Amino acid sequence: MFLQKLKVDTGFPSPLGATVFEAGVNFSIYSHHAEKIVLCFFNRFGYETHHIPMNRTEDIWHVFVRDIHAGQLYGYRVYGPYDPQNGHLFNGHKLLLDPAAKQLTGPVLFHETQLPYIVGHKKREFSFSRLDSAPFMPKCIVTDENAYRVFKSTKPFIPYEKTIIYETHVKGFTIKKEDIPRRVRGTFAGLAHPKTVAYLKNLGITSVELLPIAAFNTPEHLLDLRLTNYWGYDPICSMAPQSTYLSTEKLVEIKNMVQAYHEAGIEVLLDVVYNHTGEGGYMGPLLSYRGIDNASYYRLMPDEARYYMDDTGCGNTFNLAHPAALQITVQALRYWAEIFDIDGFRFDLAVTLGRNGENTYTPDAAFFKVLQKDAVLSKVKLIAEPWDLGPNGYQLGNFPPFFSEWDGQFRDTTRQFWKGDMGQAGAMLHQMTKPLTGSGKGKHQVLKKVNFITAHDGFTLYDLVSYNNKHNDANKEQNRDGSNANFSWNSGTEGHTNNPTVMAFRLRRMRAMLATLFLSNGIPMLLGGDEMLRSQYGNNNAYCQDNKISWLHWKTTQKARADMYAFVERLIHFRRDHPDLMALLIQAPEHFQEGLITALKPDGTPMSEADWQAFVRCFSIYLKDEKNKTFYNIILNAADVSIDYKTPAHDEKIKWKLMFETSETIDKLSVRRGHFEVPAWCVMVLKGTL
């Protein structure tokens with residue numbers, strides 16, 4: 001079985017993973033409860049060629065193997081007690097992936113040999129499986145990260161007040177893009193293609209946020225349904241990219257992608273998942289962490305350690321309160337930021353990352369403190385999804401001040417207001433002008449909320465105005481999955497229609513919502529494809545749809561799609577070209593108190609508390625820049641009819657000019673005796689001068 005004898009030294013504990021030196025490779029892995037760990041080598045045909053026992057220094061296992069190099073395939077077999085009731089699932093028959101692996105030979109797909117128990121046994125979780133999983137597992141690839149240090153790109157360092165995020169998927173963004181070579185579509189190289197980069201640069205966004213790129217698992221239930229894990233929110237090795245996203249076998253492809261965007265002045269942000277792993281619940285497979293040291297890496301139930309705390313809804317919760325889990329997570333973040341020049345991270349279910357040993361969230365959690373003090377990570381953008389499914393799981397505004405946060409309240413309010421729901425006008429004003437309150441107060445915190453109307457999870461913008469109900473039948477869960485709280489309205493007809501009246505109405509509502517997004521205080525985030533009317537056919541949970549439901553479709557002659565792209569481009573450039581307007585919105589809380597910002601009724605007088613309680617569907621935000629003697633009036637009309645609007649009565653000498661309007665029915669503002677018409681379902685921006 002073993003082809004040649006290798007020269008082996010003791011090695012050293014740090015850093016974790018496989019580290020390449022001129023004389024060979026050092027391997028290091030953490031396990032507190034293991035009794036023996038064996039390093040396994042494989043040839044390119046997948047046959048096991050060597051078993052190398054590892055040495056132990058406290059809780060770190062290590063060995064140095066001489067005369068091997070980058071490209072060597074490896075994995076681990078970890079031995080110890082098989083005692084599920086006490087949280088131990090050691091099984092040397094299972095090949096395990098290195099949590100610090102930099103590359104895998106292929107995707108992680110479920111196979112029954114990966115299970116710790118015997119399939120079909122009456123007490124499956126207690127039965128010990130001796131089936132070897134190695135033939136059905138990808139192998140780790142020794143990677144020399146120094147090869148990617150040789151060139152550094154110049155980071156754009158986009159200020160928060162100028163940041164515009166575009167959320168998209170590595171595969172779905174370019175898989176149908178026919179003006180780039182077929183071999184690179186759906187890969188990092190496809191993202192880096194000049195035509196792809198030019199598309200985003202011309203649109204005007206500043207930051208591309210990629211859905212998870214780290215290697216992830218496709219679980220058993222999806223394979224049984226002949227579906228796949230499209231989004232990638234089931235990570236296994238957080239430093240290894242998903243192998244299917246590479247058009248070649250070389251990681252330099254990622255570096256080239258980042259460099260291409262940096263040269264275009266665009267940041268690259270990664271959506272990262274550290275709240276759980278792809279090993280699932282207590283009946284799940286042994287792929288990595290679970291077989292290496294289940295009791296250390298996961299949060300187990302105090303009274304029944306065979307079960308997991310599940311604050312994530314994904315079967316397990318990664319235990320960042322444990323030093324080992326914290327170390328591997330920070331090492332992964334540093335790897336992406338330092339080696340590949342990644343500009344920032346969006347943390348999935350970030351409340352979980354701040355839970356302490358008592359499962360209570362705290363902004364003083366160890367993970368947050370490490371980020372704040374780290375020489376590399378303290379200098380990149382950090383964005384929190386401020387909720388999870390655990391106790392007190394909604395923590396918007398309660399993250400450390402160096403975090404930005406997704407504002408789900410902005411999403412829901414904007415949807416409801418432009419749906420025509422009662423009682424939303426006051427909330428809409430608040431969402432457009434509010435700072436992010438909480439532990440980090442003051443001017444610097446104002447811009448650090450991320451506003452969005454749509455994201456990967458939920459309806460696209462087109463579906464938001466085209467469906468009253470979710471249509472998730474393709475997920476094969478009897479339409480039970482996905483949120484029921486969508487605040488959507490089909491504009492008169494459910495789903496696709498060729499009715500020009502309905503289509504015109506949908507387009508008008510979409511333009512109004514997008515204008516609200518880009519004219520609000522905070523960092524706007526655009527869902528990839530919304531600018532080209534992408535539909536998921538009513539599916540609001542397309543996590544398992546690696547097909548036309550999720551992909552962007554580029555080949556179209558539909559005029560409405562081109563018009564929407566042009567509108568979004570114009571809207572983004574309007575925001576960029578009017579920093580004075582955005583500066584007024586940034587300081588809205590202080591300016592409200594000083595009378596420099598006023599909410600007005602259509603008759604030009606200030607809104608009162610009683611007015612907000614009424615059924616208001618039209619109001620404006622009136623902003624004064626007295627130093628420069630310029631004025632802005634942002635008018636929102638979510639009514640079914642046009643509104644006769646008066647200019648502010650106390651500023652009659654101001655001359656008003658129409659700067660932007662979303663109905664696309666007005667070329668020039670016509671003000672007669674202080675009156676003008678605001679079209680139905682429209683946002684207007686007026687600029688006044690004395």
Side-chain angles (χ1 to χ4, degrees), residues 159-167 204-207 383 386 396-397 404-419 424-437 443 445-455 461 464 487 509-527 530-531 567-568 570-592 596-600 607 617-623 625 632-638 659-662 681-687:
Y160 281 103
E161 64 269 18
K162 294 183 179 179
T163 300
I164 298 172
I165 298 173
Y166 185 93
E167 186 197 42
I205 60 95
T206 69
S207 311
I383 304 171
L396 178 65
S404 301
E405 301 179 37
W406 271 26
D407 191 346
Q409 294 174 357
F410 180 93
R411 171 199 61 204
D412 295 345
T413 299
T414 304
R415 291 182 176 197
Q416 291 175 86
F417 179 78
W418 289 108
K419 181 171 167 280
Q424 295 300 315
M428 191 72 264
L429 171 69
H430 176 64
Q431 294 300 330
M432 291 181 71
T433 59
K434 77 171 183 179
L436 186 63
T437 58
K443 289 184 178 180
Q445 188 68 3
V446 173
L447 279 171
K448 304 189 84 173
K449 69 187 181 83
V450 177
N451 296 328
F452 63 103
I453 303 169
T454 54
L461 185 64
L464 191 63
F487 307 114
R509 290 181 59 215
M510 283 188 280
R511 290 193 297 265
M513 282 190 276
L514 287 168
T516 304
L517 173 66
F518 284 97
L519 293 171
S520 294
N521 177 27
I523 301 167
M525 185 183 80
L526 181 69
L527 173 62
D530 277 353
E531 78 284 3
F567 172 82
V568 176
R570 191 165 69 252
L571 182 58
I572 291 175
H573 284 76
F574 178 83
R575 178 185 173 101
R576 182 194 67 188
D577 295 340
H578 291 82
D580 56 338
L581 170 58
M582 300 316 300
L584 290 171
L585 282 168
I586 290 169
Q587 299 304 318
E590 292 87 347
H591 288 176
F592 269 120
L596 299 179
I597 295 183
T598 312
L600 300 179
M607 294 282 291
R617 292 172 65 173
C618 182
F619 70 93
S620 74
I621 306 172
Y622 181 46
L623 307 103
D625 182 357
Y632 284 96
N633 207 354
I634 303 173
I635 306 170
L636 290 77
N637 182 17
M659 304 299 293
F660 202 96
E661 70 93 22
T662 63
W681 303 99
C682 176
V683 175
M684 294 178 66
V685 181
L686 283 67
K687 184 175 183 179

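All values below come from the heavy atoms of this structure, side chains included, with hydrogens, waters and symmetry mates left out. These numbers come from a predicted model, not from an experiment.
- Smallest separation of non-hydrogen atoms from R511 and T662: NE-O, 2.6 Å.
- In terms of the side-chain hydrogen bond (donor to acceptor under 3.5 Å, both in side chains) criterion, residue partners of E167 (sequence neighbours excluded) are, by chain and number, H456.
- Between T413 and Q424, some side-chain heavy-atom pair lies under the 4.5 Å cut-off.
- Classified by interplanar angle (parallel below 30°, tilted 30° to 60°, perpendicular above 60°), the ring pair W681/W418 is tilted.
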Apply side-chain contact (heavy atoms from CB on, under 4.5 Å) to the pair L526 and I164, showing each step before the final yes or no. CA-CA 8 Å; L526 181 69; I164 298 172; 5.7 Å; no

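- Residue I635 comes nearest to S620 through the heavy atom pair CG1-CB, 3.7 Å, listed as atom of the first residue, atom of the second, then distance.
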Checking side-chain contact (heavy atoms from CB on, under 4.5 Å) for the pair T516/F417: CA distance, chi angles, key distance, verdict? CA-CA 10 Å; T516 304; F417 179 78; 5.9 Å; no

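- Closest approach of M428 to L636, counting heavy atoms only: CG-CD2, 4.1 Å.
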Applying side-chain contact (heavy atoms from CB on, under 4.5 Å) to D407 and K434, what does each step give before you reach the verdict? CA-CA 11 Å; D407 191 346; K434 77 171 183 179; 2.9 Å; yes

Could you give me the CA-CA distance, side-chain angles and deciding distance for Y632 and D580, then say whether side-chain contact (heavy atoms from CB on, under 4.5 Å) is met? CA-CA 10 Å; Y632 284 96; D580 56 338; 2.9 Å; yes

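- You'll find the side chain of L519 reaches within 4.5 Å of the side chain of L581, heavy atoms only.
- The distance from atom CZ of F619 to atom CG of L600, rounded to the nearest 0.5 Å, is 10.5 Å.
- Atom CE of M513 sits about 4.5 Å away from atom CG of L464, to the nearest 0.5 Å.
- Partners of T414 under the side-chain hydrogen bond (donor to acceptor under 3.5 Å, both in side chains) rule, at least two apart in sequence or in another chain, do not exist in this structure.
- The two residues M525 and A455 make their nearest non-hydrogen contact at CE-CB, 3.9 Å.
- Expressed to the nearest 0.5 Å, how far CD1 of I165 lies from CG of N451 amounts to 10.0 Å.
- Here the closest heavy-atom approach between residue S520 and residue M582 is recorded as O-CE, 3.8 Å.
- The aromatic rings of W406 and F452 sit tilted, their planes meeting at an angle between 30° and 60°.
- One finds the NZ atom of K448 at 4.0 Å from the OH atom of Y160 (value rounded to the nearest 0.5 Å).
- Scanning both residues, F410 and K449, for their nearest heavy atoms gives CD1-NZ, 4.4 Å.
- For the atom pair F518 CZ and I453 CD1, the distance stands at 8.5 Å (nearest 0.5 Å).
- Note that NE2 of H430 and CG of N521 are 11.0 Å apart. Values are rounded to the nearest 0.5 Å.
- Ring centroids of F660 and F567 are separated by less than 6.0 Å, placing the two rings close together.
- Not counting sequence neighbours, N637 has no partner by the side-chain hydrogen bond (donor to acceptor under 3.5 Å, both in side chains) test.
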